[in-house]
Amino acid sequence: MKVCIAEKPSVAREIASVLGANTKHDGYYEGNGYAVTYTFGHFCTLLEPNDYKSYWKSWDLNNLPMLPEKFKTKVVDNAGILKQFNIVKKLFDTAELVINCGDAGQEGELIQRWVLQQANYKGEVKRLWISSLTTEAIKDGFNNLKPSENYDNLYYAGFSRAIGDWLLGINATRLYTVKHGGYKQVLSVGRVQTPTLAMVVGRFKEIENFVPQPYWELQTMYRDTLFSYEEGRFLNMEDGEKLANKVKEHEFVVDSVTKKKGKDYAPKLFDLTGLQVYCNTKFGFSAEETLNIVQKLYEQKVVTYPRVDTTFLPSDVYPKVAGILKNLTKYSELTTPLLGKKIKKSTKVFNDKKVTDHHAIIPTGVESHLQPNQQLVYDIITRRFIAVFYDDCSVSNTTVIGNVDDVSFKTTGKEILKKGWRVVFETADSAKKEQDILPNFVKGEKGPHEPSFLEKQTKAPSQFTEASLLRAMETAGKQVDDDKLRDLMKENGIGRPSTRASIIETLFKRKYIVRNKKQILPTPTGIQLIDTIQNELLKSAELTGQWEKQLKDIEKGTYSAATFINNMKKMVDELVYEVRSETKKANITAENHTKKKVKKVVKRVIPDVISCPKCKKGTVIKGKAAYGCSDYKTGCDFRFNFTDIKAKANGKKLTKELVFSILNG
C-alpha cells in the first residue's frame, strides 16, 4: 500500500478525496491502494538539554555552553500526538512507498522528515510538491511525484536552522537570565528575535534623542499652484530672507514647460511580506493575522501557497492564466476585457530565474463564500493578479520652471492620459486623488504671485509600525524604498517570510514590545535587555541576515550545513566566555513584579444549544462522524469532523466546554 502523509487533517482529507481513499479510519483514510494519514504540524522536536545530560537541566553558568556533539530528535510528549504518531508508524511499517505530502517548504520538509526518522522508516519515499490544493493541482502533483532526494538540501537547511536556533536560543537565554535576570525574570534571547528587538529599541532611542534643526523654505503661489525655490531649503535664515524680499518686488515669469510621456507599471504580485505590509497599512491586520487568513484561503483552495518570498511567476503558469481569469466570475467586469484578446506576458511578472520552489501568491480560480476579513485579503490578491495583465498606465509628467528676478522656482505634476491597470483598483475617491493636473502654463507668461518664507524643523524618523518593521526585517535593517533593490536584499533579510510574524508576536508575549495604536514601542524591559547585551553580534540584523543567506545557500547546495553549525557553536562558546567575565549584574526585572494581580474568574456558561457559527440560523447537531448544522437540508454546509476536533484538542479530554470552544473558533 502507498502511504501519504500530510501536515494537517484537512489537507489529508482533500488528498484522500482526489485519490479515491474514501474509507475513514481512526487517524487515516484508505482506498484505491492508498492510505492517507497526517500530522498536526510539528510531531517531533530537538532533544532538550537534560535529554543529553541530566545535569544540564539546572540553569547554572557552570553548565554553559551546552554544545551537543550530535543533535537528535524525539516525538513531542503529548497524548494526542503520541497516539497519531503510532498510527502513522503502523502504516509506515507495512508501506511499499511513502509519499511526503507536507507543506511544500522548508518547515514542511523538516516536519515530515523527522517523523520518517522517528518511525524508523527505511523504504522508498516520494515527494508531492504542489502550489495549491485544487483538485487539478493535486492530480498534477501525483502524476509528477519527485524523488525525496531532490529535497535533501531543503531538509539540511531546515535542520541547520533548528539547530542554530537551539544553540543560540537556549544557551544565550540561560546565560543572560542567570547572569542578569532578577526576581524570576527569564531573559529570552534568540537568533532573530534579539536583532529585531534591537531595531525597535534603536529607532525608539533615535527618536528620543532627536534634536530638531531649523530650516527655511522659500515658496510662491502663482495661478493657484505652489512653486518651490529650485535650489531647495535654506539652513541660514538671512540668506533666504534676502531672496524672499527680492522676489516680492517683481512678477512671476514662466521660463519653461516640459511635458514627458511616461508609464506607471502595475503593482507587483504579492509575496507574503508584501501582503502582510499591505494588510497592516490598509486594514490594520497584524502580520500574524494576515498569515492566518491567507493560510486559511490556501486551505480553502482559493489562493496558492502563501509562505513565499518572490513576486514573480514561472513561465509554465502563463498557459493557465486565461483559465484562472475566466473562473473569477465575481470579477467578470474586470476580466472580460482581458479574455477578448491575447493575455499580456511581461517580464515584470514572468521570470523563471526569480522563482525557486514557489511563485507569487495568486488566486486559483476557485471561488468560495468567505468571511469579511478573508474577503478583504482575497480581493486585493485577486485584483493585483488581474491588474498585471492590463496595459500600463500612460501618464504625462509636467515640469514647470519659473523665475522672479533671476530667482528660479519649480513645480511638477502628473496627468493620467490612459488609465490602463488603474481601473482595477479605481473607486470614486481614488479617481479624485489620482488627478494631480497642473493648469495649462505657457512659456513666457507672467503675472502677480504670493511669495512665502517659512521656518520649518527637521523631523525625527517615525516609530516602527508592524508594516515598517516587517520591511526592516526583510532588508536586515537597511532603509530601502526601491523595489528592485529590496528584491536583491531579500537573501540577507532576517527570519523567513513565514516566521517573521511569529517573531514579532513572540516579542509581544515576552513583553519586550507593546502596541500604541499602529506604533510598535519597546518596553523598559526590552530596552534594558538590549542595553545589557554588550555583544554586538547578538544584536546585529546584518549578521543575522548573513546567517539567513548561509541557510539559503545550504538549501541551494552551495554551503555546508556542518560549517554553519560549527560556526554557531564557536560563536556560542565565545559568547558564554565573554558574558561570564562581565563584572556588573544588570538585575533586569519586569515592571510591577511585586504586585500580584488578582484575576477575576468568570465562569463561562455553556448553552445547551449552540447556534450554527456559519449561517447563524440553525443549531449545531451531532452526527455519526461530525457536528453539523440542523439547517443542512436548506443549504447550510457547516461541518466539523470529529477527527478535526480531536486534532484541535491536541490530546486534551473532549469536554463539553472544549467542544463548544472549538466549534466557535
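Side chains are part of it too, since the values below use all heavy atoms of this structure and drop only hydrogens, waters and symmetry mates. Just so it is clear, the model here is predicted, and its values are computed rather than measured.
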Taking the side chain as every heavy atom from C-beta outward, state whether [X] and [Y] have any pair of such atoms under 4.5 Å apart.
X	Y	value
Met568	Arg191	yes
Leu175	Arg580	yes
Glu48	Lys74	yes
Lys569	Leu167	yes
Tyr176	Leu575	yes
Leu82	Val75	yes
Val201	Leu529	no
Phe92	Ile5	yes

Scan side-chain atoms only and decide if [X] and [Y] contain a donor-acceptor pair under the 3.5 Å cut-off.
X	Y	answer
Gln193	Ser188	yes
Gln546	Glu542	no
Ser462	Gln519	no
Gln106	Glu555	yes

Could you give all pairs that pass the salt bridge (Lys or Arg N to Asp or Glu O under 4.0 Å) test and reach residues 512-539, with sequence neighbours left out?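 Every salt bridge (Lys or Arg N to Asp or Glu O under 4.0 Å) pair that includes a residue of residues 512-539, provided the two are not neighbours, is Lys205-Asp531, Glu466-Arg515, Glu505-Arg515, Glu536-Lys539.
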Restricting to pairs with a member in residues 99-108, which pass salt bridge (Lys or Arg N to Asp or Glu O under 4.0 Å), not counting sequence neighbours?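 Passing the test, one end in residues 99-108: no pairs.
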Run the salt-bridge test on Asp553 and Lys549 with the 4.0 Å N-O cut-off and return the result as yes or no.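 Counted as a salt bridge, because a side-chain N and a carboxylate O are separated by less than 4.0 Å.
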Do Arg384's NZ or CZ and the ring of Phe270 fall within the cation-pi criteria of under 6.0 Å and 45°?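 Arg384 over Phe270 ring: yes.
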Ring-ring centroid check Tyr155 Tyr151, cutoff 6.0 Å: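 No - the distance between ring centres of Tyr155 and Tyr151 does not fall below the 6.0 Å cut-off.
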